[in-house]
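Below you'll find the structure, written out as structure tokens, and then a few comments.
Heavy-atom basis, side chains included; hydrogens, waters and symmetry copies ignored.
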Amino acid sequence: MKSYRVLSELSELSELETYLKSCEYVAFDTETTGLNPRKDKVIGFSVTGIEGTGYYVPFYNFNVDSAELESLEFLDSCQTVFELLLTKKLIMHNASFDCRMMRANFNLNLIPALYCDTIVLKHTVDEDMPFGLKDIAKRIQNEIGLDVTKAANEEQVAMVASIKQNGGSITKDKYELYKADLKLIGEYACADTDLTLRIFNYYSTILKREGLERFFYKDEVMPLLKEVTIPMEERGVPVDVSALQCAQEEIILDIAKLEKNILDKISPYLPDFERWYLGKNYPPRRSGEFAQKLAEYARLPLPKTKSGRLSLSKSALESCLPNKYAEYLLGGEYLDDHEVLAVSKLCWQDSGSPAIINLLSKHHLKRLFFKILNEKSINKTPTGQPQADTVFLESVRSKYDFVPLLMDFNKLNKLKSAYIDRFLSEQDSGIFYPRFQQHRTVSGRYGGDLMQLPRPLEPGQASEVVTKYTNMIRKFFISGSGYKFIDADYESLEPHVFAHVSGDEGLKDIFRSGKDFYSSIAIATENLNGVSADKKSDNYLGKVDKPLRQKAKAYCLGVPYGLEAFKLSTMLNNSPEECEELIDNYLSAYPKLKSWMEVSNEQCKKFGTVRSEAGRVRHMKKAAAFYHQDRGIYALFDSKGNLYDALTLWKKHHKNESSYKNMKWKRKQMKNYLNNAKNFQIQSLAASITNRACIAISRELRRQGIDGYVCCQIHDQIIVRLPEQESVRFSKTMQYLMENVYKISLPLSAPAQIASDFYEGH
DNA sequence: CGGGCGAGCGCC
DNA sequence: AAAGGGCGCTCGCCCG
């Protein structure tokens with residue numbers, strides 16, 4: 001039986017204190033007025049130390065009569081409880097949020113007491129979605145012995161009813177939980193901490209069983225969260241607001257200019273487009289918008305209704321006879337095509353859109369290219385639709401003078417909406433608070449909103465206007481006065497890790513000799529003579545035959561991640577046979593790479609898990625299930641245990657459409673698992689190297705008492721923000737740590753630069 | 001009108 | 001007949 005207590009009297013606090021004293025592990029959760037720690041209030045918190053129990057301490061109550069939050073006496077009397085919390089092992093679900101909320105509201109730093117975040121705990125033993133508290137609980141409800149589904153539904157219904165009754169809003173963007181009845185909030189808050197504790201207990205057993213405790217608590221996950229992630233999200237990065245505003249104004253003008261130019265140039269094709277568009281959106285009708293506009297167009301002498309529209313009643317229309325338009329509206333069949341078009345256009349004009357073709361709509365562009373201009377698409381989307389993507393546009397670039405403009409138009413719009421507009425609208429007093437989520441990728445990389453900052457372009461790589469705005473984006477992030485950034489990128493981290501993980505001495509030697517990775521592989525694979533992989537040599541491949549090096553770039557990492565001859569042939573414009581040979585030669589040149597790939601496949605099939613050298617596990621239960629359940633006619637594997645190729649599968653099953661479809665889907669999944677198993681070992685180790693460097697850097701900053709922090713991590717790049725006077729000295733320390741905290745069999749290099757924005761030094 | 005989704009494109 | 005991994009964000013469009 002569950003027993004949740006919602007405190008109402010100050011005297012009850014001592015009960016809570018006794019409860020806390022008796023528990024070692026305590027689940028903790030805040031209830032708030034919103035998601036912004038800098039603006040929103042903590043209205044109360046709940047704790048659970050024993051499954052099935054919980055306490056809620058309310059700080060605010062929503063007064064329905066005054067429609068205001070009123071503060072309660074617990075607000076000033078919680079010091080003892082707060083201090084007690086700091087002595088516990090706290091369990092939270094999405095701890096970054098609660099920790100930042102508590103510090104912003106009460107200047108209480110819970111990070112030192114934070115023991116486990118159940119989101120990253122769940123992620124460490126099960127990387128796949130979902131990660132919401134209740135969603136996780138639903139998945140394991142049999143194991144934890146609760147009907148979470150039922151309880152969650154009831155809770156949802158009760159909360160929504162209460163919020164609505166008290167005049168609150170329940171939309172996704174504005175969910176005013178704090179307006180629900182206090183008692184209800186309190187009980188459900190306790191239910192949440194109860195779930196959190198149960199989830200913790202459940203996954204802790206698995207963590208231990210899988211030997212992941214050290215990886216989780218000591219080496220990476222929790223230290224990264226406590227010492228890097230939360231501080232990073234809490235402090236944010238300054239942005240240059242006025243530069244953002246200028247850029248926004250400017251790019252709007254440049255986009256408008258491009259749009260006008262494009263519309264002028266495509267005007268010969270627009271009548272065809274218009275016919276299609278109007279016919280689709282405003283087809284002839286005897287009622288509604290079209291009928292109204294038709295009556296207007298025909299100037300029918302009709303009386304007006306109260307709402308100001310023309311009355312299309314039978315008697316009114318009959319009084320207009322004889323008239324072909326009135327006849328049509330009364331049920332007649334005939335209406336002239338060009339008149340239909342004219343009326344549709346009147347309807348469209350009312351919509352107020354500036355142009356009939358929307359250059360942002362892929363739908364519209366596809367119509368233009370594939371139906372009106374009768375071009376053939378190059379690629380198809382996964383759903384079989386023709387694609388009007390950059391590959392296609394590139395192919396018709398010289399054929400139509402508007403296409404280069406359209407490509408620029410696309411890029412500029414992307415830069416505007418994804419970067420300029422977003423950073424401007426989300427910045428808060430000149431600080432952008434990025435998210436860094438440790439559970440969003442299977443590899444243990446961060447997921448977040450700073451991961452896709454465009455990399456700067458060299459002059460000539462793109463048109464002038466695109467280069468201008470692309471190179472602006474990283475400059476918006478500034479260190480601010482008195483502060484500097486130290487910005488350090490690992491030099492080709494993923495290729496280094498790849499060479500290390502493969503265990504192939506030939507691959508490793510490339511880096512040991514300081515030669516160019518792609519050129520070396522091209523020379524070894526294709527038996528090239530008279531060229532060198534030495535970047536300083538006169539006959540350096542990258543200099544004397546750049547396309548050959550580019551070719552190698554396409555397959556060096558692609559092949560180990562599962563790239564096959566057919567796909568490669570489309571990338572290189574070679575025959576599949578040639579590519580088959582190329583791949584064979586590549587793998588023969590580096591025999592350990594080949595055997596590593598085979599071992600990885602075996603591991604994935606037989607056990608359904610792979611482990612990165614740093615200790616993270618990728619769980620692929622289904623891969624092992626496919627392999628071990630593999631029987632008879634529906635087998636995915638041949639007698640040697642190799643995945644059937646697509647052609648064999650087709651031969652075996654194409655006569656039965658549905659089972660072929662099913663087998664194809666299964667094979668695709670299995671192939672994906674096999675590829676992912678290989679990719680994971682490399683990507684995940686690279687992520688661990690960067691993550692552990694971040695932890696070491698944060699610790700060193702703290703040890704030296706420097707007011708600095710890791711403010712951004714983008715896969716193989718770490719940016720620290722710190723006081724200017726410390727920057728030069730600490731940059732050496734930072735570089736040393738990045739190159740040395742996690743040792744692999746090759747030396748790593750991470751040159752550190754001092755900068756005042758994210759662009760400098762690139 | 002909000003949610004969901006496909007398509008496209010940005011990053012490593 | 002098929003066609004490299006990991007992501008996030010934005011858009012337009014569709015649907016209830």
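The residue A:Y660 sits close only to the backbone: its heavy atoms come under 4.0 Å of sugar-phosphate atoms, none of a base. Using a 4.0 Å heavy-atom distance criterion, A:Q387 is classed as a sugar-phosphate-only contact. When heavy atoms are screened at a 4.0 angstrom cut-off, A:T390 is found touching the sugar-phosphate backbone but no base atom. Counting any heavy atom pair closer than 4.0 Å across all strands shown, A:R435 reaches sugar-phosphate atoms only and no base atom. Within 4.0 Å (heavy atoms only), A:L360 reaches sugar-phosphate atoms of the nucleic acid but no base atom. Within the nucleic acid shown, A:E494 has no heavy atom closer than 4.0 Å to any nucleic acid atom. Across all strands shown, A:K362 has heavy atoms under 4.0 Å from sugar-phosphate atoms exclusively, and none from any base. Among the atoms of the strands shown, only primed sugar atoms or phosphate atoms (P, OP1, OP2) are found under 4.0 Å from some heavy atom of A:K664. Among the heavy atoms of the strands lying under 4.0 Å from A:N672 are primed sugar atoms or P, OP1, OP2 only; no base atom is included. A:D645 comes within 4.0 angstrom of no nucleic acid atom, judged by non-hydrogen atoms across all strands. Contacts of A:A687 with the nucleic acid, taken as non-hydrogen atoms under 4.0 Å apart, are absent. Residue A:Q683 is in base contact, counting any heavy-atom pair closer than 4.0 Å across all strands shown. In this structure, A:K411 reaches the sugar-phosphate backbone alone: every heavy-atom distance under 4.0 Å involves primed, P, OP1 or OP2 atoms, never a base.
With salt bridges taken as basic N to acidic carboxylate O contacts below 4.0 Å, one links A:R549 and A:D516. A salt bridge is defined here as a Lys NZ or Arg NE, NH1 or NH2 lying under 4.0 Å from an Asp or Glu carboxylate O, and A:E657 with A:K664 fails to meet this definition. In this structure, A:E220 pairs ionically with A:R692, as a charged nitrogen and a carboxylate oxygen lie closer than 4.0 Å. Using a cutoff of 4.0 Å between basic side-chain nitrogens and carboxylate oxygens, A:E564 and A:K671 are scored as salt-bridged. Residues A:R435 and A:D449 are paired through a salt bridge, judged by an N-O separation under 4.0 Å between the basic side chain and the carboxylate. In summary, A:R618 and A:D128 engage in a salt bridge, as defined by a charged side-chain N under 4.0 Å from a carboxylate O. Taking 4.0 Å as the cut-off between side-chain N and carboxylate O, A:E526 and A:K551 count as a salt-bridged pair.
Applying the 4.0 Å criterion to OP1 and OP2 of C:dC11, one finds that A:N413 has every side-chain N and O outside that range. An OP1 or OP2 oxygen of C:dC13 is reached within less than 4.0 angstrom by a side-chain nitrogen or oxygen of A:H364.
In this structure, A:L563 places its CG atom 5 Å from C1' of C:dG4, rounding to the nearest Å. Taking atom CZ of A:F436 as the reference point, atom P of C:dC9 lies 12 Å away to the nearest angstrom. Whole-Å rounding puts the A:K553 NZ to C:dG5 P distance at 20 Å. Following rounding to the nearest Å, A:N601 (CG) and C:dG4 (P) show an atom-to-atom distance of 15 Å. In this structure, A:Y277 places its OH atom 11 Å from P of C:dG12, rounding to the nearest Å. Rounded to an integer number of Å, the gap from A:L636 CG to C:dA1 C1' is 16 Å. Whole-Å rounding puts the A:D421 CG to C:dC9 P distance at 15 Å. What separates CG of A:N662 from C1' of C:dA1 is a distance of 17 Å, to the nearest Å.
Put simply, chain A comes within 4.0 Å of DNA chain B, heavy atom to any atom, from B:dG3 to B:dC12, going 5' to 3'.
Side-chain contact, A:Q669 with A:K622: a donor N or O sits under 3.5 Å from an acceptor N or O. In this structure, a donor-acceptor pair under 3.5 Å is present between the side chains of A:E578 and A:S575. Between the side chains of A:Q681 and A:S612, no donor N or O sits under 3.5 Å from an acceptor N or O.
Annotation: the span from A:E127 atom CD to A:H439 atom NE2 amounts to 13.0 Å, rounded to 0.5 Å. The distance from atom CG of A:N675 to atom CG of A:L563, rounded to the nearest 0.5 Å, is 9.5 Å.
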**Study point:** Per-nucleotide pairing state of DNA chain C [Watson-Crick or G-U, under 3.5 Å; [ ] pseudoknot-crossing; | other strand]
**Key:** ....||||||||||||
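Within a 6.0 Å radius of CD in A:E613, more than 12 heavy atoms belonging to other residues, nucleotides or ligands are found.
Taking a 4.0 Å limit (strictly below) on heavy-atom distances, residues 438-458 of chain A reaches DNA chain B at A:R445, A:M451, A:Q452, A:L453, A:P454, A:R455.
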